[in-house]
Amino acid sequence: MTGLPEHLADLRAAAPPHLLPGVLHRVGLADHYAIRPSILGPVFVAFTRRGVSRVDLAGDPAGFEAAYLARFGRAVVPADAPPPRLAATVDRALGAGRTRGIPVDPAGLSEFQAAVLRSAAGIPPGEIRPYAWVAREIGRPGSGRAVGNALAANPVPLVVPCHRVVRADGRFGRYSLGADESKRVLLAAEGLEIEALEALTSRGVRYLGSATTRIYCHPTCRHARRITASRRAEFRSPGEAARAGFRPCRDCRPATA
Amino acid sequence: MRPRGGIEALPAALAADRDAAFPLLVRALIDGVYSGALRLLGNSADAEEVTQEAFLRAYRALGRYPAARVGELRLREWVWTIAANLCRNRARDRRRRGEETLDPEAALPDPAPGPEARALASAGSGALAAHLARLPWPQRAAVVLRHVTGLPHAEIAAALGRPVGTVKSDVHRGLQQLRRQLEEEEG
């Protein structure tokens, strides 16, 4: 009689999908995630012992868990909420754009990408910087395109505010969470006056200076926003500002080259 | 960096960084361990619990072993040593308490008995699983590990702590017994 071994082999079954995350959770090797509200609607926020590891628009939990496992090689299982201290900082970031000081798990990030994200994390709410600015800040001038790619692959959008990095011509560019349009929504929610900014950039203006302080800034820098209209100078390039006798702002650090 | 490659590279990876490599070990073995436990115990709830427990014990043991020992582990037979022991204990406890262990679907008798091949083809996995559950433990363990899980005789021998020759004869006699049961059902 043949066939019995083959039929026995057919009794092999795949483990139920929840079993692997369950095992890793039980030995303490699974990451966790919770649903939190954000300006863009509910998001999944995954976290490890080191910090936030992933933010994505909330959708099908099984799909999120599978994508997480594929991307990080670690299981992620639902939790009610992040640990209290992390929850407070995460909610401030998601709700009000106050992103400073949130721990991000750097596992899986290249050194370059980690540097890009650290730099982007320092941009205050409602302010924007060009890709080339980030490239220069991390000591890699000219790598603006790579910066764009690194930000597009940002695993923790909203928490690291990659939406505050835009194209030099003032257009907002790509966004890693949902539609590109979300970038505009987020910046408007943070108080950026988009129409006023676009009026400047469409005229080729890239920097604003104060005739009082002789300092020039990125137009969205908080110092630039305080310049009295009558004392405001407009520049198309750092060179133009320098020739007019202006020095770059120490907070928003516009290009000096 | 995540280690690449098959299970061959895992002992060294586990010795170097248990927490980084352990998820890969679970991924590599979980389907086999679950399948084997399911067919040894006859129901998915017990199989899931045993699978979880086996990997938990493996994880803890890896933390106690010196790196040199971890690096030389034959992982599949080692995990199965733990899992087979858990399965045997659980099956024995259930039997002592007189509990029904088969899933209702798995326990149903073949509704349309026929010759073995036809019985196998039409009865589906449930009936065959029910027949497996009637084998004495050593034969059931040997048949399931050999033909459901696909372990070589040597690994089964190591996992069950029995000589290879004994395992081979257990597999052989287990298959014979299964055929007898299927024929009895037919006639």
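Both backbone and side-chain heavy atoms feed into the values below; hydrogens, waters and symmetry mates do not. Chain A is the first sequence line, chain B the second, and so forth, proteins listed ahead of strands; every chain is numbered from 1.
- Residues Arg74(A) and Asp31(A) are paired through a salt bridge, judged by an N-O separation under 4.0 Å between the basic side chain and the carboxylate.
- Within 6.0 Å of CG on Asp80(A) lie no more than 12 heavy atoms contributed by other residues, nucleotides or ligands.
- Put simply, of Val148(B), Val33(B), Val26(B), Leu132(B), the one with the most heavy-atom pairs under 4.5 Å next to chain A is Val148(B).
- For Leu19(A), the parts lying near chain B are the backbone and the side chain together; criterion is any non-hydrogen pair under 4.5 Å.
- In this structure, the portion of Leu29(A) lying under 4.5 Å from any heavy atom of chain B is its side chain and not its backbone.
- Using a 4.0 Å cut-off between charged nitrogen and carboxylate oxygen, Arg94(B) and Asp46(B) count as a salt-bridge pair.
- The aromatic rings of Trp133(A) and His218(A) lie perpendicular to each other, with more than 60° between the two planes, well past the 30° mark.
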